[in-house]
Q: 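The structure under discussion is supplied below as structure tokens; questions concerning it will follow.
Nothing here was measured: the structure is a model prediction, and the numbers come from that model. Side chains are part of it too, since the values below use all heavy atoms of this structure and drop only hydrogens, waters and symmetry mates.
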Amino acid sequence: MKQIESIKEFGGYLNRYEHESNGCSCKMTFSVYLPPQATTGKVPVLYWLSGLTCTDDNARTKAGMQRYAAEYGIALVFPDTSPRGENVPDEIDRYDLGQGAGFYVNATQSPWSKHFQMYDYVTQELPELVEANLPLLPNVKAISGHSMGGHGALICALKNPDGYRSVSAFSPICHPTECDWGKGCFTAYLGDDSQSWQEYDATLLVDAGAKVGDIFIDQGVADEFYDEGQLLPEAFQKVCASNGQKLTLRMQEGYDHSYHFVSTFIGEHIAYHSMALKE
């Protein structure tokens, strides 16, 4: 774990690191915001999973969440969205498959399976690494994300109900087995047997009995990908209602899919997570 950048913000530090990932078989880059409270003791942490085409840099420069993290004394961890490098497979003509589009699954199909182990990376390898090297409270963590990262946040929480104190999402891909983005990536990463896709679909996980204490989602009504049927929040809302999963789904009029939307409501999400992390 090598620090390659450090920027002071709101009394704390936004640091960038790189390390050799055993699970992803390549060098991975990630960022961490350590609030000023981390200078005197260990702090809880919120993991932020970004969306298609993003790196760790998008959210840390566009979401504006460090201001709120400093106020509440929460560290932020920004993983990359996929393995990267010359030896990592990619589809250069597609933004929704390959590098920048890991979908937070453990790939089982060639050529992706050697590197694209993003579910294990964000739920196991990265948390173990940062908790061992930074002033973070062990296992006191929450998770959130945007778009593909919102999908990642939902499945990570639902598959690890004791692992995260809280979960939220902006414009998540709620039902990837029924949208074009998900079908394309899941076929490539997981194979043609759609049964194997179910463990990475939040809607199907809830329908099969997975449950967490609460889920908080903001969705823009003017989101172009919502209109295209890529996100499917109503399908998720329906199975949550029928299976007793507590869900707050806010449909925000006029807001799109961008970080303009995320930055508008990120303060409320940080406050939501702060309450759970400090219980």
Q: Would you say Leu232 and Glu178 make side-chain contact, with heavy atoms under 4.5 Å?
A: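 Yes - at least one pair of side-chain heavy atoms lies under 4.5 Å apart.
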
Q: For Asp80 and Thr55, does a side-chain donor sit closer than 3.5 Å to a side-chain acceptor?
A: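 Short answer, no.
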
Q: Taking the six-membered ring for Trp, are Tyr189 and Phe116 ring centroids under 6.0 Å apart?
A: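 Yes - the distance between ring centres of Tyr189 and Phe116 falls below the 6.0 Å cut-off.
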
Q: Would you say that Arg16 contacts Asp57 through its side chain, given a criterion of any heavy-atom pair below 4.5 Å between the two side chains?
A: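 A side-chain contact under 4.5 Å exists here.
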
Q: Indicate whether any N or O donor in one side chain lies under 3.5 Å from an N or O acceptor in the other, for Glu234 and Tyr226.
A: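 Checked: Glu234/Tyr226 side chains pair up, N/O donor to acceptor below 3.5 Å.
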
Q: Please answer whether the main-chain N or O of Gln99 pairs with a side-chain N or O of Asp90 as donor and acceptor at a distance below 3.5 Å.
A: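 Yes, because the side chain of Asp90 sits within donor-acceptor range (under 3.5 Å) of the backbone of Gln99.
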
Q: State whether the side chain of Gln66 and the backbone N or O of Arg60 hold a donor-acceptor pair below 3.5 Å, judged by distance alone.
A: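 Checked: pair present.
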
Q: Any chance the side chains of Asp56 and Ser31 put a donor and an acceptor closer than 3.5 Å?
A: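 Note: Asp56 and Ser31 side chains meet the donor-acceptor criterion.
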
Q: Check whether Ile143 and Leu76 end up in the same hydrophobic cluster, where Ile, Leu, Val, Met, Phe, Trp and Tyr are linked by side-chain heavy atoms less than 4.5 Å apart.
A: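 No.
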
Q: Name all residues meeting the salt bridge (Lys or Arg N to Asp or Glu O under 4.0 Å) criterion together with Asp96; count only those two or more places apart in sequence or in a different chain, and write none if there are none.
A: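 Arg94.
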
Q: Could you check whether Ser168 and Ser144, counting side-chain N and O atoms only, form a donor-acceptor pair closer than 3.5 Å?
A: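 Yes, side-chain donor-acceptor contact under 3.5 Å.
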
Q: Has Lys278 got its NZ or CZ under 6.0 Å from the middle of the six-membered ring of Tyr72, at an angle within 45 degrees of the ring axis?
A: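 That pair does not qualify as a cation-pi contact.
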
Q: Begin with the C-alpha distance, continue with both residues' side-chain angles, and end with the deciding distance and a verdict on side chain to side chain contact (heavy atoms under 4.5 Å, CB included) for Ser50 and Phe78.
A: CA-CA 8 Å; Ser50 292; Phe78 304 95; 5.6 Å; no

Q: Given the rule that I, L, V, M, F, W and Y join up when any side-chain heavy atoms are under 4.5 Å apart, are Leu205 and Leu154 in one cluster?
A: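 As far as the 4.5 Å side-chain criterion goes, Leu154 and Leu205 are connected within one cluster.
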
Q: Could you tell me whether Lys183 atom NZ has more than 12 heavy atoms of other residues or ligands within 6.0 Å of it?
A: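 Yes - once you tally the heavy atoms of other residues, nucleotides and ligands closer than 6.0 Å, there are more than 12.
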
Q: Determine whether Asp192 and Thr187 make a side-chain contact, defined as any pair of heavy atoms from C-beta on separated by less than 4.5 Å.
A: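 When only atoms from C-beta onward are counted, Thr187 and Asp192 do touch, with a gap below 4.5 Å.
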
Q: Please check if Leu137 and Ile270 belong to a single hydrophobic cluster, counting links between Ile, Leu, Val, Met, Phe, Trp and Tyr side chain heavy atoms closer than 4.5 Å.
A: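 Shared cluster, yes.
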
Q: Which atoms form the tightest heavy-atom contact between Ile217 and Pro172, and what is the distance?
A: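 So the minimum-distance heavy-atom pair works out to CG2-CD, 3.7 Å.
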
Q: How about Ile92: does its CD1 atom have over 12 heavy atoms from other parts shown lying under 6.0 Å from it?
A: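 Open: at most 12 neighbouring heavy atoms sit under 6.0 Å from CD1 of Ile92.
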
Q: Please check if atom CE in Met1 has more than 12 non-hydrogen atoms from other residues, nucleotides or ligands closer than 6.0 Å.
A: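 For Met1, atom CE is crowded (more than 12 foreign heavy atoms under 6.0 Å).
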
Q: Would Phe30 and Tyr17 count as a close aromatic pair, with their ring centres under 6.0 Å?
A: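 Yes: the rings meet the under 6.0 Å criterion.
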
Q: Which heavy atom of Glu125 sits nearest to which heavy atom of Ser21, and what is that distance?
A: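 Closest approach of Glu125 to Ser21: OE1-OG, 2.9 Å.
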
Q: Work out which heavy atom in Arg84 is nearest to a heavy atom in Gly100; give both atom names and the distance.
A: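 Between these two residues, the closest heavy atoms are NH2-CA, 3.7 Å.
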
Q: Gln252 and side-chain contact (heavy atoms from CB on, under 4.5 Å): which partner among Val221, Asp218, Thr264?
A: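 Among Val221, Asp218, Thr264, the one meeting side-chain contact (heavy atoms from CB on, under 4.5 Å) with Gln252 is Asp218.
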
Q: Do Asp214 and Tyr272 have side-chain atoms, one donor and one acceptor, less than 3.5 Å apart?
A: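 Yes, a side-chain donor-acceptor pair sits under 3.5 Å.
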
Q: Is there a path from Val45 to Val43 through hydrophobic residues (I, L, V, M, F, W, Y) whose side chains come within less than 4.5 Å of each other?
A: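 They do share one cluster, since a chain of ILVMFWY contacts under 4.5 Å joins Val45 to Val43.
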
Q: Please tell me whether Gln198 and Thr177 have a donor and an acceptor in their side chains that are separated by less than 3.5 angstrom.
A: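 The criterion, which ignores hydrogens and geometry beyond distance, is not satisfied for Thr177 and Gln198.
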
Q: Rounded to the nearest 0.5 Å, how far apart are OG1 of Thr40 and CD of Gln37?
A: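 Here the rounded value is 7.0 Å.
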
Q: Say whether Val212 and Leu49 are linked into one hydrophobic cluster, either directly or through other cluster members, by side-chain heavy-atom distances under 4.5 angstrom.
A: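 Linked, Val212 and Leu49 end up in one cluster.
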
Q: Is it the case that the side chains of His273 and Ser166 hold a donor-acceptor pair, with the cut-off being a distance below 3.5 Å and no angle test?
A: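 Yes.
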
Q: Would you compute the distance between atom CG of Asp180 and atom CD1 of Ile173 and round it to the nearest 0.5 angstrom?
A: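 Result: 11.0 Å between the selected atoms.
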
Q: For Val262 and Ala63, which heavy atoms make the closest approach, and how far apart are they?
A: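 Looking at all heavy atoms of both residues, the closest pair is CG1-CB, 4.2 Å.
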
Q: Can the ring centroids of His175 and Phe186 be said to lie less than 6.0 angstrom from one another?
A: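 No, they do not, as the ring centres are separated by 6.0 Å or more.
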
Q: What are the two closest heavy atoms between Phe236 and Cys174, and how far apart are they?
A: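 That would be CB-CB, 3.7 Å.
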
Q: Do Tyr47 and Pro127 come within less than 4.5 Å of each other through their side chains, counting heavy atoms only?
A: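 In short, these two side chains touch, coming nearer than 4.5 Å.
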
Q: Within the structure provided, determine whether Leu129 and His19 are in side-chain contact (heavy-atom separation under 4.5 Å).
A: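 Result yes, sub-4.5 Å side-chain heavy-atom pair found.
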
Q: How about Trp181 and Phe225: are their ring centres within less than 6.0 Å of each other?
A: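 Yes: the rings meet the under 6.0 Å criterion.
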
Q: Could you walk me through whether Lys159 and Glu199 satisfy the salt bridge (charged side-chain N to carboxylate O under 4.0 Å, His left out) test, starting with their C-alpha distance in whole Å, then the side-chain angles of each, then the deciding distance to 0.1 Å, before giving a yes or no?
A: CA-CA 8 Å; Lys159 289 164 69 68; Glu199 64 175 306; 3.2 Å; yes

Q: Would you mind reporting whether Asp207 and Asn243 have side-chain heavy atoms less than 4.5 Å apart?
A: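 Heavy-atom side-chain distance check passes, below 4.5 Å.
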
Q: Can a cation-pi geometry be assigned to Lys246 and Phe216, taking NZ or CZ under 6.0 Å from the six-membered ring centre and within 45° of the ring axis?
A: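 No, Lys246 and Phe216 do not form such a contact.
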
Q: Check whether any side-chain N or O of Tyr121 sits under 3.5 Å from a backbone N or O of Tyr104 as a donor-acceptor pair, and report yes or no.
A: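 No.
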
Q: Is the backbone of Ala107 close enough, under 3.5 Å, to the side chain of Gln117 for a donor and an acceptor to pair up by distance?
A: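 Checking the backbone N and O of Ala107 against the side chain of Gln117, a donor-acceptor pair under 3.5 Å is found.
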
Q: Around Asn87, counting heavy atoms of other residues, nucleotides and ligands shown, do more than 12 lie under 6.0 Å from its CG?
A: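 No, the 6.0 Å shell around CG holds no more than 12 heavy atoms from other groups.
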
Q: Please confirm whether the backbone N or O of Asp120 pairs with a side-chain atom of Asn106, one donor and one acceptor, at under 3.5 Å?
A: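 It does hold such a pair.
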
Q: Would you say the rings of Phe261 and Phe170 are close, in the sense that their centroids are separated by under 6.0 Å?
A: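 Yes: the rings meet the under 6.0 Å criterion.
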
Q: In the structure I gave you, are the side-chain heavy atoms of Trp112 and Leu97 within less than 4.5 Å of one another anywhere?
A: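 Contact flag for Trp112/Leu97 side chains = yes.
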
Q: Under the salt bridge (charged side-chain N to carboxylate O under 4.0 Å, His left out) definition, can you give me all pairs with a residue in residues 252-271, not counting sequence neighbours?
A: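 Only Arg250-Glu268 qualify under salt bridge (charged side-chain N to carboxylate O under 4.0 Å, His left out).
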
Q: Considering only heavy atoms from C-beta outward, does the side chain of Thr81 approach that of Met148 to under 4.5 Å?
A: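 When only atoms from C-beta onward are counted, Met148 and Thr81 do touch, with a gap below 4.5 Å.
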
Q: For His146 together with Tyr259, are the ring centres under 6.0 Å from each other?
A: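 Aromatic pair counts; centres sit under 6.0 Å.
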
Q: From Tyr200 OH over to Cys185 SG, what is the distance, rounded to the nearest 0.5 angstrom?
A: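 The OH atom of Tyr200 sits 13.5 Å away from the SG atom of Cys185.
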
Q: Does His260 offer a backbone N or O that forms a donor-acceptor pair with the side chain of Ser258 under 3.5 Å?
A: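 Flag set: sc Ser258 to bb His260 pair under 3.5 Å.
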
Q: What's the separation between atom CG in Asp223 and atom OG in Ser147, rounded to the nearest 0.5 Å?
A: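 Rounded to the nearest 0.5 Å, the CG-OG separation comes out at 7.5 Å.
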
Q: Can you see which heavy atom on Gly220 is nearest to which on Ser171, and at what distance?
A: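 Closest approach of Gly220 to Ser171, heavy atoms only: N-OG, 4.4 Å.
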
Q: Donor-acceptor pair, His115 side chain versus Cys24 backbone, under 3.5 Å?
A: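 Yes.
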
